Amino acid sequence: MELIRGLHNLRPRHRGCAATIGNFDGVHLGHQAVLGQLAERAAELGLPMVLVTFEPQPQEFFSPVTAPPRLTRLREKLEALRRYAVERVLVLRFDARLAALTADQFIQRVLVDGLDIRYLVVGDDFRFGRGRAGDFRLLQETGARVGFQVVNMHTFAIGGARVSSTRVRTALAQGDLEAAEALLGRPYRISGRVAAGEQRGRTIGFPTANIHLHRHQSPLQGVYAVELFGLEQEPLPGVANLGRRPTVGGTRLQLEVHLFDFDREIYGRNVHVNFLRRIRDERTFESFDALRRQIDADAAQARAFFGSRE
């Protein structure tokens, strides 16, 4: 899969494609249905399959304080997309210049001059261009005039309701990881590099792998039973805290994973953490001894969860 950052990196060989446009946050089952629909048609037309997305997401640009937490950072999104038939991902930097483009300018510069799109799949509620003036009808009318076909993506529903990134976020916020997994088609996962921490956990008998999240918000926080991938003998079971560590005065969002019966140094390794069962909210403790007792109880709950699965 080829990553193209910005229109200025498009080359003549990138022209002529079947494409879709969107945030694709989470790459959930609805997104996967779109990708399947697009892959089938791209193969019939003999065209490469391209996904166009934005960084940051438009809502993060316009409303950085109130924008919802992402399900996936760009790196995680690209990892998920590799499982499908996407040949190229065009990442457009969403800034004041892109936001100022009219709908007609966006179509001309991105879809026609940049990609020479032949087939486009978008939602029938897709809006784009300055003031969100562009819509599905404008795309269809322009496509008919200049030579590309536009179709709307099929709605994918579970339990009588449309699968969406918002619905996944709601399930995660409520601690319903089973519902989130049903919507995603896989357990919710966060990826990152193991960094050296302050080693406070080691002093109370619970060494942790500390993973910096590189995000200001997370769709879930608290203590969870998890499995870690990316190391030998994966998956490795454990218990994790995702939060700001108020007991030790922490302010940065961080994921700390205590792996059961594991004592190897893994600094610098890229790992993936699957969240399987919510145990409790993160909270402040009056002492390290109280924190240690609670982690004992958390670990016991997580071990019991893994035992019940076996």
Side-chain angles (χ1 to χ4, degrees), residues 26 68-73 76 165-184 186-192 194-195 197-229 235-263 266 271-310:
R70 285 198 195 194
L71 298 172
T72 45
R73 295 188 300 125
E76 293 165 328
S165 300
T166 298
R167 193 174 166 193
V168 177
R169 283 189 206 95
T170 299
L172 292 175
Q174 294 172 346
D176 193 346
L177 297 180
E178 290 184 355
E181 180 174 351
L183 298 169
L184 290 166
R186 63 187 185 282
Y188 181 66
R189 163 178 284 195
I190 287 179
S191 302
V194 179
E198 297 168 351
Q199 300 193 340
R200 286 194 175 100
R202 192 175 298 275
T203 66
I204 57 175
F206 289 94
T208 59
N210 302 291
I211 300 167
H212 295 165
L213 299 181
H214 303 290
R215 59 175 85 193
H216 299 296
Q217 300 183 76
S218 170
L220 76 177
Q221 292 192 40
V223 177
Y224 300 85
V226 300
E227 284 182 331
L228 185 142
F229 293 78
L236 296 168
V239 61
N241 181 82
L242 197 164
R244 302 188 188 276
R245 303 169 300 143
T247 301
V248 298
T251 58
R252 181 176 60 187
L253 197 62
Q254 186 162 305
L255 174 60
E256 297 176 306
V257 183
H258 170 65
L259 297 173
F260 299 143
D261 310 312
F262 184 89
D263 61 359
I266 55 174
V271 296
H272 315 284
V273 180
N274 283 5
F275 292 79
L276 304 180
R277 174 66 61 88
R278 182 178 173 85
I279 295 175
R280 63 172 175 86
D281 291 336
E282 184 181 47
R283 62 178 186 266
T284 306
F285 294 90
E286 67 275 11
S287 67
F288 275 114
D289 191 50
L291 175 61
R292 182 191 58 76
R293 290 195 301 270
Q294 183 60 59
I295 297 176
D296 259 329
D298 297 339
Q301 280 198 54
R303 286 182 183 272
F305 165 73
F306 286 110
S308 68
R309 293 175 85 209
E310 294 174 0

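From a predicted model like this one, the values you see are computed outputs, not experimental measurements.
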Kindly confirm or rule out a cation-pi arrangement of Arg303 over Phe260, judged by NZ or CZ under 6.0 Å from the six-membered ring centre and within 45° of its axis?
->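 Geometry flag: set, cation within 6.0 Å and 45°.
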How close do [X] and [Y] get, counting heavy atoms only, and between which atoms?
X      : Y      : result
Leu242 : Ser218 : CD2-OG, 3.7 Å
Ala171 : Ala180 : CB-N, 3.9 Å
Pro187 : Leu276 : CB-CD2, 4.0 Å

Would you call Arg215-Glu76 a salt bridge at under 4.0 Å N-O?
->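 Counted as a salt bridge, because a side-chain N and a carboxylate O are separated by less than 4.0 Å.
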Arg186 (side chain) donor-acceptor with Leu184 (main chain) under 3.5 angstrom |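 Looks like yes, one N/O pair under 3.5 Å.
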Taking Glu256 for its side chain and Ala209 for its backbone only, find out whether a donor-acceptor pair lies under 3.5 Å.
->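 No, the answer is negative, given that no donor and acceptor are paired below the 3.5 Å cut-off.
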Could I get the full list of side chain to side chain donor-acceptor pair (under 3.5 Å) partners for Asp176, not counting sequence neighbours?
->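 Here no residue qualifies.
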Check whether any side-chain heavy atom of Leu228 sits under 4.5 Å from a side-chain heavy atom of His272, and report yes or no.
->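 When only atoms from C-beta onward are counted, His272 and Leu228 do not touch, as no gap falls below 4.5 Å.
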Among side-chain atoms of Gln294 and Arg283, is any donor-acceptor pair under 3.5 angstrom?
->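 Result is yes, a qualifying pair exists.
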Distance-only donor-acceptor check, side chains Thr208 and His258, under 3.5 Å |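 The criterion, which ignores hydrogens and geometry beyond distance, is not satisfied for His258 and Thr208.
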Check the angle between the aromatic planes of Phe275 and Tyr224 and answer parallel, tilted or perpendicular using the 30° and 60° thresholds.
->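 Ring orientation of Phe275 relative to Tyr224: perpendicular.
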Please determine which of Asn274, Val273, Val271 meets the side-chain contact (heavy atoms from CB on, under 4.5 Å) test together with Phe229.
->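 Filter result, single survivor: Asn274.
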State which residues pass salt bridge (Lys or Arg N to Asp or Glu O under 4.0 Å) with Arg169; sequence neighbours excluded, sorted by chain then number.
->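 Listed in chain order: Asp25.
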